[in-house]
**Student:** 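Let me give you the structure first, and then I'll get to my questions.
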Amino acid sequence: DAGVIQSPRHEVTEMGQEVTLRCKPISGHNSLFWYRQTMMRGLELLIYFNNNVPIDDSGMPEDRFSAKMPNASFSTLKIQPSEPRDSAVYFCASSSDRSFWPQHFGDGTRLSIL
Amino acid sequence: AQSVTQLGSHVSVSEGALVLLRCNYSSSVPPYLFWYVQYPNQGLQLLLKYTSAATLVKGINGFEAEFKKSETSFHLTKPSAHMSDAAEYFCAVSDRGGDSWGKLQFGAGTQVVVTP
């Protein structure tokens, strides 16, 4: 079975540019989570969806960050405009609604904002 | 809200020696507890989870963890370290109910180095 698929794996862009990260959850999973990992702050939950509906976005750092889940097989995390402090590894995870855990993680997108 | 503390950001063990990684949680109500492993340039992979059954939980790759309510702990062990165990390990907790239900709170992680 395919796992959680994230794209791109690496992104390098200049400050001020729009960045879009993409995630395809495991088929049949209906909970999706976006995390950010940095050395300073560790793993932080940014937002999560259940049945395509955002449940908790309290971890989204600023209005520059937005996330959507237009259908059960796709989600995006967008940063506009990007800043150097947004540099991090961004992970997407999904889980089955029948057992809310465990969460299955993608391999992440390593984002560098110059 | 739950919090989780992992003692020791780095642990060095000899190949064949016991691996012991410590995790303590904050709540008086036992949460759901998890251990994840992260290899370089990869996402997190679930090692094991405690939800409410046996207090000794066996996971993948020979790891196990014991839930001790009196100590609010969920330490991870492996009797004999292998070189392939070198990775970062994260303890995580989730409330059984309330507004934060379903949200994982991760510890800061413990980097394990295995020496020959």
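Lettering follows sequence order; numbering is per chain, from 1.
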**Student:** Do Ile60(B) and Phe67(B) share a hydrophobic cluster, counting only Ile, Leu, Val, Met, Phe, Trp and Tyr and linking them when any side-chain heavy atoms are less than 4.5 Å apart?
**Tutor:** yes
**Student:** Just wondering, are more than 12 heavy atoms of other shown residues or ligands nearer than 6.0 Å to CZ in Arg9(A)?
**Tutor:** yes
**Student:** Taking all non-hydrogen atoms of both residues, which atom of Leu46(B) and which atom of Pro102(A) are closest, and how far apart?
**Tutor:** CD2-CB, 3.2 Å
**Student:** Drop me the distance from Leu44(B)'s CG to Tyr35(A)'s OH, to the nearest 0.5 angstrom.
**Tutor:** 9.0 Å
**Student:** Any link between Leu7(B) and Val4(B) through a network of hydrophobic side chains (Ile, Leu, Val, Met, Phe, Trp, Tyr) touching at under 4.5 Å?
**Tutor:** no
**Student:** Phe74(A), Tyr48(A): one ILVMFWY side-chain cluster at the under-4.5 Å cut-off?
**Tutor:** no
**Student:** Among Tyr36(B), Phe34(B), Phe90(B), find the residue that satisfies the ring-ring contact (aromatic ring centres under 6.0 Å, His included) test when tested with Phe105(A).
**Tutor:** Tyr36(B)
**Student:** Is it possible for you to say whether Leu20(B) and Leu48(B) belong to one hydrophobic cluster, with membership spreading through side-chain heavy-atom contacts below 4.5 Å?
**Tutor:** no
**Student:** Should Leu56(B) and Trp35(B) be regarded as members of a common hydrophobic cluster, given that ILVMFWY residues are connected when their side-chain heavy atoms come within less than 4.5 Å of each other, either directly or indirectly?
**Tutor:** no
**Student:** Counting only non-hydrogen atoms closer than 4.5 Å, does Gln38(B) touch chain A with its backbone (N, CA, C, O), its side chain (CB onward), both, or neither?
**Tutor:** side chain
**Student:** Output the distance between atom CG (Leu104(B)) and atom OG (Ser95(A)), rounded to the nearest 0.5 Å.
**Tutor:** 8.5 Å
**Student:** Evaluate the side-chain proximity of Asn41(B) to Arg110(A): yes if any heavy-atom separation is below 4.5 Å, no if none is.
**Tutor:** yes
**Student:** Answer with side chain, backbone, both or neither: which region of Gln37(A) has an atom nearer than 4.5 Å to a non-hydrogen atom of chain B?
**Tutor:** side chain
